[in-house]
Amino acid sequence: NVIVRSKMLEPLLSHYSSWGSLRKAIAWLVRFKKYLVGVLNRDPDNIPKGPLTVSEVINAESVIVKAVHHDAFPVELALVGQKTPGDQKKCVPRSSPIHNLNPFVAEGY
């Protein structure tokens, strides 16, 4: 078996021309995922209904930023993810464009 991973957001980024419409589209996709999980778990109380909430749109921004980071810096994320919290030594290669930014992983991403 082979898993080919392409850029996650590239089709959506090329389809939506504004930040607001992209944010709403991702928020709807995240809600649809919650819907599917709720149906699978047979838990109708966890299925969101109605218009998007502000927290869903803010969460969509986080999803977009995390996906772009994952697409743009996969090697750096893998290396930084292996670093222990007490380890202050830089583990990102000097050739990386984010070497001087002291990157770290927050909330698993």
Side-chain angles (χ1 to χ4, degrees):
N1 294 333
V2 176
I3 297 174
V4 178
R5 181 175 169 86
S6 64
K7 305 237 181 235
M8 287 190 277
L9 285 180
E10 197 162 323
L12 289 172
L13 290 174
S14 63
H15 182 73
Y16 293 99
S17 60
S18 73
W19 174 248
S21 59
L22 176 66
R23 231 176 17 176
K24 284 192 256 181
I26 297 296
W28 281 112
L29 287 173
V30 170
R31 181 183 275 196
F32 184 65
K33 178 184 170 188
K34 286 181 183 178
Y35 167 77
L36 293 176
V37 169
V39 169
L40 182 66
N41 294 335
R42 295 188 176 134
D43 187 12
D45 296 334
N46 280 341
I47 297 174
K49 296 173 180 65
L52 291 173
T53 63
V54 173
S55 63
E56 286 177 313
V57 175
I58 291 171
N59 183 38
E61 288 181 359
S62 296
V63 169
I64 294 167
V65 169
K66 288 175 185 178
V68 169
H69 284 166
H70 187 74
D71 287 347
F73 306 109
V75 173
E76 290 86 348
L77 278 174
L79 292 172
V80 171
Q82 295 172 354
K83 185 168 70 170
T84 60
D87 186 14
Q88 296 299 321
K89 183 177 71 173
K90 291 189 179 189
C91 58
V92 177
R94 290 186 184 268
S95 60
S96 171
I98 62 170
H99 174 73
N100 291 330
L101 298 177
N102 195 17
F104 63 93
V105 175
E107 299 175 14
Y109 294 100

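The shown structure was predicted, so the numbers you read here are calculated from the model rather than taken from an experiment.
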Mind checking the [atom1]-[atom2] spacing from [X] to [Y]? Nearest 0.5 Å is all I need.
X: Ile26; Y: Glu56; atom1: CD1; atom2: CD; value: 13.0 Å
X: Asp71; Y: Lys66; atom1: CG; atom2: NZ; value: 14.5 Å
X: Leu77; Y: His69; atom1: CG; atom2: NE2; value: 8.0 Å
X: Leu52; Y: Lys24; atom1: CG; atom2: NZ; value: 8.5 Å

Shared ILVMFWY cluster between [X] and [Y], side chains joined below 4.5 angstrom?
X: Phe73; Y: Leu101; result: yes
X: Val68; Y: Trp19; result: yes
X: Leu29; Y: Leu22; result: yes
X: Ile64; Y: Tyr16; result: yes

Could you pull out the closest heavy-atom pair between [X] and [Y], with the gap in Å?
X: Arg31; Y: Lys49; value: NH1-C, 3.7 Å
X: Ala27; Y: Ala60; value: N-CB, 3.6 Å
X: Trp28; Y: Gly50; value: CH2-O, 3.9 Å

_Does Lys33, at its NZ atom, have more than 12 non-hydrogen atoms belonging to other residues, nucleotides or ligands within less than 6.0 Å?_
no

